[in-house]
2 protein chains.
Amino acid sequence: MPTRTAAQQRDEARWAYDAFLAQCPTRDLLDTLADKWTCLVVAALRDGDRRYSDINRTVAGVSQKMLTQTLRGLERDGLITRTVTASVPVRVDYDLTPLGRSLLPVMAAIKAWAEANMDEVQAARRSYDAQAA
Amino acid sequence: MPTRTAAQQRDEARWAYDAFLAQCPTRDLLDTLADKWTCLVVAALRDGDRRYSDINRTVAGVSQKMLTQTLRGLERDGLITRTVTASVPVRVDYDLTPLGRSLLPVMAAIKAWAEANMDEVQAARRSYDAQAA
DNA sequence: CCGGATCCCGTGCGATACTG
DNA sequence: CAGTATCGCACGGGATCCGG
(Lines give C-alpha, C1' and ligand atoms only; values in the text may rest on other atoms or scores of the structure.)
Protein backbone atom coordinates (compact mmCIF):
# COMPACT_ATOMS: atom_id res chain seq x y z
CA MET A 1 0.00 0.00 0.00
CA PRO A 2 1.42 3.36 -1.03
CA THR A 3 1.90 5.98 1.64
CA ARG A 4 0.18 8.54 -0.56
CA THR A 5 -2.58 8.11 -3.11
CA ALA A 6 -2.16 9.42 -6.63
CA ALA A 7 -4.63 12.20 -5.84
CA GLN A 8 -2.63 13.25 -2.80
CA GLN A 9 0.55 13.31 -4.85
CA ARG A 10 -1.16 15.50 -7.43
CA ASP A 11 -2.30 17.92 -4.75
CA GLU A 12 1.16 18.06 -3.26
CA ALA A 13 2.77 18.66 -6.61
CA ARG A 14 0.26 21.39 -7.35
CA TRP A 15 1.25 23.39 -4.28
CA ALA A 16 4.97 22.63 -4.03
CA TYR A 17 7.35 25.45 -4.98
CA ASP A 18 9.31 25.01 -8.19
CA ALA A 19 11.71 27.71 -9.38
CA PHE A 20 11.52 26.32 -12.94
CA LEU A 21 8.04 27.81 -13.14
CA ALA A 22 7.97 31.46 -14.16
CA GLN A 23 5.11 32.46 -11.86
CA CYS A 24 6.43 30.68 -8.80
CA PRO A 25 7.44 33.13 -6.03
CA THR A 26 10.70 31.24 -5.67
CA ARG A 27 11.71 32.59 -9.07
CA ASP A 28 11.94 36.09 -7.63
CA LEU A 29 13.69 34.83 -4.54
CA LEU A 30 16.17 32.95 -6.71
CA ASP A 31 16.85 36.12 -8.65
CA THR A 32 17.68 37.86 -5.37
CA LEU A 33 19.86 35.05 -4.03
CA ALA A 34 21.66 34.33 -7.29
CA ASP A 35 23.36 37.72 -7.20
CA LYS A 36 27.03 38.61 -6.98
CA TRP A 37 26.60 41.13 -4.17
CA THR A 38 24.20 38.96 -2.18
CA CYS A 39 26.66 36.10 -2.32
CA LEU A 40 29.61 38.23 -1.24
CA VAL A 41 27.72 40.10 1.50
CA VAL A 42 26.41 36.90 3.07
CA ALA A 43 29.88 35.39 2.85
CA ALA A 44 31.33 38.50 4.48
CA LEU A 45 29.10 37.94 7.52
CA ARG A 46 30.36 34.40 8.10
CA ASP A 47 32.22 35.33 11.29
CA GLY A 48 29.37 37.23 12.95
CA ASP A 49 28.27 40.84 13.01
CA ARG A 50 30.14 43.51 11.16
CA ARG A 51 29.83 47.25 10.62
CA TYR A 52 28.63 48.77 7.38
CA SER A 53 32.03 50.23 6.58
CA ASP A 54 33.65 46.93 7.47
CA ILE A 55 31.50 45.04 4.99
CA ASN A 56 32.14 47.77 2.46
CA ARG A 57 35.88 47.17 2.83
CA THR A 58 35.62 43.39 2.71
CA VAL A 59 33.45 43.33 -0.40
CA ALA A 60 35.86 45.42 -2.43
CA GLY A 61 34.46 47.40 -5.31
CA VAL A 62 30.86 47.48 -4.21
CA SER A 63 29.21 50.89 -4.45
CA GLN A 64 27.45 52.28 -1.39
CA LYS A 65 24.20 52.20 -3.26
CA MET A 66 24.39 48.52 -4.15
CA LEU A 67 25.63 47.59 -0.69
CA THR A 68 22.79 49.41 1.04
CA GLN A 69 20.28 48.01 -1.44
CA THR A 70 21.56 44.47 -0.97
CA LEU A 71 21.58 44.77 2.83
CA ARG A 72 18.03 46.16 2.83
CA GLY A 73 16.79 43.31 0.68
CA LEU A 74 18.45 40.71 2.87
CA GLU A 75 17.00 42.38 5.96
CA ARG A 76 13.51 42.40 4.42
CA ASP A 77 13.83 38.71 3.56
CA GLY A 78 14.74 37.93 7.15
CA LEU A 79 18.30 36.83 6.36
CA ILE A 80 20.16 39.52 8.30
CA THR A 81 19.51 41.87 11.22
CA ARG A 82 20.31 45.58 11.25
CA THR A 83 21.33 47.15 14.54
CA VAL A 84 21.76 50.91 14.88
CA THR A 85 23.84 52.24 17.76
CA ALA A 86 23.09 55.91 18.40
CA SER A 87 26.56 57.26 18.92
CA VAL A 88 28.71 59.88 17.22
CA PRO A 89 29.34 58.89 14.59
CA VAL A 90 26.47 56.46 14.13
CA ARG A 91 27.35 52.80 14.17
CA VAL A 92 25.36 50.23 12.19
CA ASP A 93 25.97 46.53 12.59
CA TYR A 94 24.68 43.69 10.45
CA ASP A 95 24.49 40.01 11.36
CA LEU A 96 23.05 36.85 9.89
CA THR A 97 19.80 35.50 11.32
CA PRO A 98 19.49 31.72 11.79
CA LEU A 99 17.72 31.68 8.43
CA GLY A 100 20.53 33.65 6.83
CA ARG A 101 23.10 31.43 8.46
CA SER A 102 21.45 28.41 6.85
CA LEU A 103 22.10 30.08 3.49
CA LEU A 104 25.75 30.75 4.27
CA PRO A 105 27.13 27.32 3.27
CA VAL A 106 25.41 27.62 -0.11
CA MET A 107 26.76 31.11 -0.80
CA ALA A 108 30.21 30.13 0.44
CA ALA A 109 30.11 27.12 -1.87
CA ILE A 110 29.61 29.26 -4.99
CA LYS A 111 32.45 31.57 -4.01
CA ALA A 112 34.67 28.60 -3.20
CA TRP A 113 33.80 26.85 -6.48
CA ALA A 114 34.75 29.95 -8.45
CA GLU A 115 38.07 30.24 -6.63
CA ALA A 116 38.83 26.53 -6.91
CA ASN A 117 38.04 26.18 -10.63
CA MET A 118 39.18 29.54 -11.97
CA ASP A 119 42.24 28.04 -13.68
CA GLU A 120 40.23 25.39 -15.49
CA VAL A 121 37.63 27.94 -16.60
CA GLN A 122 40.31 30.27 -17.91
CA ALA A 123 41.87 27.39 -19.85
CA ALA A 124 38.47 26.57 -21.35
CA ARG A 125 37.98 30.21 -22.35
CA ARG A 126 41.33 30.38 -24.09
CA SER A 127 40.50 27.20 -25.97
CA TYR A 128 37.06 28.47 -26.95
CA ASP A 129 38.35 31.86 -28.07
CA ALA A 130 41.12 30.27 -30.13
CA GLN A 131 38.55 28.06 -31.86
CA ALA A 132 36.45 31.10 -32.77
CA ALA A 133 39.30 32.49 -34.85
CA MET B 1 59.53 22.55 11.81
CA PRO B 2 56.70 24.20 9.83
CA THR B 3 55.72 22.64 6.53
CA ARG B 4 55.94 26.07 4.89
CA THR B 5 58.11 29.05 5.62
CA ALA B 6 56.61 32.48 6.17
CA ALA B 7 57.93 33.55 2.79
CA GLN B 8 56.26 30.60 1.09
CA GLN B 9 53.00 31.40 2.79
CA ARG B 10 53.20 34.98 1.58
CA ASP B 11 53.81 33.82 -1.96
CA GLU B 12 50.89 31.46 -1.79
CA ALA B 13 48.57 34.13 -0.41
CA ARG B 14 49.68 36.50 -3.11
CA TRP B 15 48.59 34.14 -5.85
CA ALA B 16 45.50 32.58 -4.30
CA TYR B 17 42.17 33.63 -5.78
CA ASP B 18 39.81 35.65 -3.58
CA ALA B 19 36.44 36.81 -4.90
CA PHE B 20 36.31 39.50 -2.22
CA LEU B 21 38.96 41.37 -4.19
CA ALA B 22 37.57 43.54 -6.97
CA GLN B 23 40.36 42.82 -9.44
CA CYS B 24 40.40 39.06 -8.92
CA PRO B 25 39.27 37.18 -12.04
CA THR B 26 36.99 35.10 -9.83
CA ARG B 27 34.87 38.20 -9.32
CA ASP B 28 33.80 38.07 -12.97
CA LEU B 29 33.30 34.33 -12.79
CA LEU B 30 31.18 34.77 -9.68
CA ASP B 31 29.07 37.33 -11.49
CA THR B 32 28.44 34.78 -14.22
CA LEU B 33 27.67 31.90 -11.85
CA ALA B 34 25.55 33.92 -9.42
CA ASP B 35 22.89 34.42 -12.06
CA LYS B 36 19.27 33.31 -12.15
CA TRP B 37 19.45 31.84 -15.65
CA THR B 38 22.80 30.16 -15.13
CA CYS B 39 21.48 28.47 -12.01
CA LEU B 40 18.29 27.27 -13.72
CA VAL B 41 20.00 26.15 -16.94
CA VAL B 42 22.61 24.10 -15.09
CA ALA B 43 19.89 22.61 -12.91
CA ALA B 44 17.87 21.77 -16.01
CA LEU B 45 20.76 19.64 -17.30
CA ARG B 46 20.93 17.51 -14.18
CA ASP B 47 19.59 14.41 -15.92
CA GLY B 48 21.93 14.53 -18.88
CA ASP B 49 21.80 16.08 -22.34
CA ARG B 50 18.77 18.00 -23.50
CA ARG B 51 17.71 19.83 -26.63
CA TYR B 52 17.55 23.61 -26.87
CA SER B 53 13.77 23.68 -27.02
CA ASP B 54 13.61 21.23 -24.15
CA ILE B 55 15.67 23.50 -21.91
CA ASN B 56 13.59 26.43 -23.11
CA ARG B 57 10.46 24.67 -21.91
CA THR B 58 11.93 23.56 -18.58
CA VAL B 59 13.27 26.99 -17.70
CA ALA B 60 9.91 28.69 -18.14
CA GLY B 61 9.89 32.37 -18.96
CA VAL B 62 13.44 32.65 -20.28
CA SER B 63 13.78 34.62 -23.51
CA GLN B 64 15.60 33.04 -26.45
CA LYS B 65 18.19 35.78 -26.23
CA MET B 66 19.04 35.12 -22.60
CA LEU B 67 18.93 31.35 -23.02
CA THR B 68 21.30 31.42 -25.98
CA GLN B 69 23.55 33.93 -24.25
CA THR B 70 23.66 31.86 -21.07
CA LEU B 71 24.35 28.63 -22.96
CA ARG B 72 27.15 30.29 -24.97
CA GLY B 73 28.74 31.61 -21.80
CA LEU B 74 28.58 28.25 -20.09
CA GLU B 75 30.05 26.59 -23.19
CA ARG B 76 32.90 29.11 -23.31
CA ASP B 77 33.65 28.52 -19.64
CA GLY B 78 33.85 24.78 -20.27
CA LEU B 79 30.80 23.91 -18.20
CA ILE B 80 28.62 22.50 -20.97
CA THR B 81 29.07 20.96 -24.40
CA ARG B 82 27.11 21.91 -27.51
CA THR B 83 26.42 19.17 -30.03
CA VAL B 84 24.88 19.95 -33.42
CA THR B 85 23.22 17.13 -35.36
CA ALA B 86 22.85 18.05 -39.03
CA SER B 87 19.36 16.82 -39.75
CA VAL B 88 16.15 18.42 -40.92
CA PRO B 89 15.28 20.16 -38.76
CA VAL B 90 18.60 20.81 -37.05
CA ARG B 91 19.02 19.29 -33.62
CA VAL B 92 21.23 20.84 -30.94
CA ASP B 93 21.95 19.10 -27.66
CA TYR B 94 23.56 20.50 -24.56
CA ASP B 95 25.14 18.54 -21.74
CA LEU B 96 27.22 19.22 -18.65
CA THR B 97 30.96 18.59 -18.80
CA PRO B 98 32.61 16.99 -15.78
CA LEU B 99 33.50 20.53 -14.67
CA GLY B 100 29.91 21.65 -15.10
CA ARG B 101 28.66 18.60 -13.30
CA SER B 102 30.83 19.54 -10.31
CA LEU B 103 28.94 22.83 -10.20
CA LEU B 104 25.54 21.15 -10.33
CA PRO B 105 25.22 20.40 -6.59
CA VAL B 106 25.94 24.03 -5.78
CA MET B 107 23.38 25.38 -8.25
CA ALA B 108 20.82 22.81 -7.16
CA ALA B 109 21.41 23.83 -3.55
CA ILE B 110 20.48 27.47 -4.21
CA LYS B 111 17.32 26.46 -6.03
CA ALA B 112 16.45 23.97 -3.29
CA TRP B 113 17.12 26.53 -0.56
CA ALA B 114 14.77 29.02 -2.20
CA GLU B 115 12.05 26.40 -2.52
CA ALA B 116 12.52 25.12 1.03
CA ASN B 117 12.55 28.52 2.74
CA MET B 118 10.07 30.46 0.62
CA ASP B 119 7.41 30.43 3.34
CA GLU B 120 9.75 31.79 5.99
CA VAL B 121 11.04 34.50 3.66
CA GLN B 122 7.51 35.55 2.76
CA ALA B 123 6.62 35.75 6.45
CA ALA B 124 9.68 37.93 7.07
CA ARG B 125 8.70 40.20 4.18
CA ARG B 126 5.19 40.69 5.51
CA SER B 127 6.60 41.51 8.93
CA TYR B 128 9.12 43.97 7.47
CA ASP B 129 6.55 45.66 5.25
CA ALA B 130 4.10 45.99 8.15
CA GLN B 131 6.82 47.60 10.23
CA ALA B 132 7.52 50.13 7.50
CA ALA B 133 3.99 51.46 7.81
C1' DC C 1 33.40 61.28 9.62
C1' DC C 2 29.61 57.30 8.99
C1' DG C 3 25.67 55.69 6.79
C1' DG C 4 22.61 56.47 3.33
C1' DA C 5 19.45 59.00 -0.07
C1' DT C 6 19.18 61.14 -4.71
C1' DC C 7 20.33 62.20 -9.45
C1' DC C 8 21.62 60.76 -13.90
C1' DC C 9 23.48 58.11 -17.54
C1' DG C 10 24.90 53.72 -19.92
C1' DT C 11 24.39 48.85 -19.94
C1' DG C 12 21.77 45.11 -20.80
C1' DC C 13 17.33 42.67 -20.45
C1' DG C 14 13.16 41.32 -22.67
C1' DA C 15 9.56 41.46 -26.58
C1' DT C 16 9.12 41.06 -31.22
C1' DA C 17 10.23 39.95 -35.84
C1' DC C 18 13.03 37.57 -39.06
C1' DT C 19 16.41 33.62 -41.09
C1' DG C 20 19.05 29.12 -42.41
C1' DC D 1 14.09 23.88 -34.69
C1' DA D 2 17.51 26.81 -33.19
C1' DG D 3 18.93 30.53 -33.36
C1' DT D 4 20.14 36.11 -34.98
C1' DA D 5 18.71 41.17 -35.36
C1' DT D 6 16.74 45.27 -33.73
C1' DC D 7 14.75 48.42 -30.49
C1' DG D 8 12.74 50.52 -26.24
C1' DC D 9 12.99 50.86 -21.60
C1' DA D 10 13.95 49.58 -16.98
C1' DC D 11 17.51 48.86 -13.93
C1' DG D 12 22.39 48.71 -12.40
C1' DG D 13 25.78 51.60 -10.74
C1' DG D 14 28.97 55.73 -10.18
C1' DA D 15 28.99 60.49 -8.69
C1' DT D 16 27.12 63.55 -5.67
C1' DC D 17 24.65 65.48 -1.81
C1' DC D 18 22.46 65.02 3.04
C1' DG D 19 21.54 63.99 8.20
C1' DG D 20 23.38 63.35 12.70
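Within every chain, numbering begins at 1; the chains are lettered A, B, ... in the order of the sequence lines, protein sequences first and strands thereafter.
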Practice problem: By nearest nucleotide on DNA chain C, pick out whichever of A:D93 and A:K65 is the more 5' one. | Solution: A:D93

Quiz item: So do the side chains of B:D95 and B:T83 get within less than 4.5 Å of each other, counting heavy atoms only?
Solution: no

Quiz item: B:M66 CE to C:dG14 P: how many Å, rounded?
Solution: 5 Å

Practice problem: Calculate the interatomic distance between B:D35 atom CG and C:dC13 atom C1'; express it in whole Å. | Solution: 11 Å

Exercise. Check the distance between C:dG12's P and B:Q69's CD and give it to me in whole angstrom.
Key: 9 Å

Quiz item: What's the CD-C1' distance between A:E75 and C:dG3, to the nearest Å?
Solution: 14 Å

Exercise. Check whether any side-chain N or O of B:R82 sits under 4.0 Å from OP1 or OP2 of D:dG3, and answer yes or no.
Key: yes

Quiz item: So, do A:K36 and B:D35 sit near enough that their side-chain heavy atoms are less than 4.5 Å apart?
Solution: no

Exercise. Kindly point out which of D:dG12, C:dC1, D:dG3 is positioned nearest to the side chain of B:Q64?
Key: D:dG3

Self-check item: Side-chain (B:R82) to main-chain (B:L71) donor-acceptor, under 3.5 angstrom
Solution: no

Self-check item: Pairwise side-chain contact, A:V42 with A:L33, heavy-atom cut-off 4.5 Å (strictly under)
Solution: no

Exercise. Please determine, for the side chain of A:K36, which listed nucleotide (D:dG13, C:dA17, D:dT16) has the closest atom?
Key: D:dG13

Quiz item: Rounding to a whole Å, what distance do you find between A:D31:CG and C:dG14:C1'?
Solution: 13 Å

Quiz item: Within the structure, does a side-chain N or O atom of B:W37 lie under 4.0 Å from either OP1 or OP2 of C:dG14?
Solution: yes

Quiz prompt | Proximity to the side chain of B:Y94 - top-ranked nucleotide from D:dG3, D:dG13, C:dG3 | solution = D:dG3

Quiz prompt | Whole-Å gap separating P (D:dA2) and CG (B:L67) | solution = 10 Å

Quiz item: So, do A:I55 and A:L67 sit near enough that their side-chain heavy atoms are less than 4.5 Å apart?
Solution: yes

Quiz prompt | C:dA5 phosphate, OP1 or OP2, under 4.0 Å from A:R72 side-chain N/O | solution = yes

Self-check item: Contact under 4.0 Å: B:R51 side-chain N or O vs D:dA2 OP1/OP2
Solution: yes

Quiz item: Looking at B:S53, does any N or O in its side chain come under 4.0 Å of the phosphate oxygens OP1/OP2 on D:dA2?
Solution: yes

Quiz item: Pick the nucleotide of DNA chain D nearest each of A:S63 and B:R57; which residue has the one closer to the 5' end?
Solution: B:R57

Exercise. Give the rounded distance in Å between these two atoms: CG of B:N56 and P of C:dA15.
Key: 12 Å

Quiz item: Within this structure, what is the CD1-to-C1' distance between B:I55 and D:dC1, rounded to whole angstrom?
Solution: 13 Å

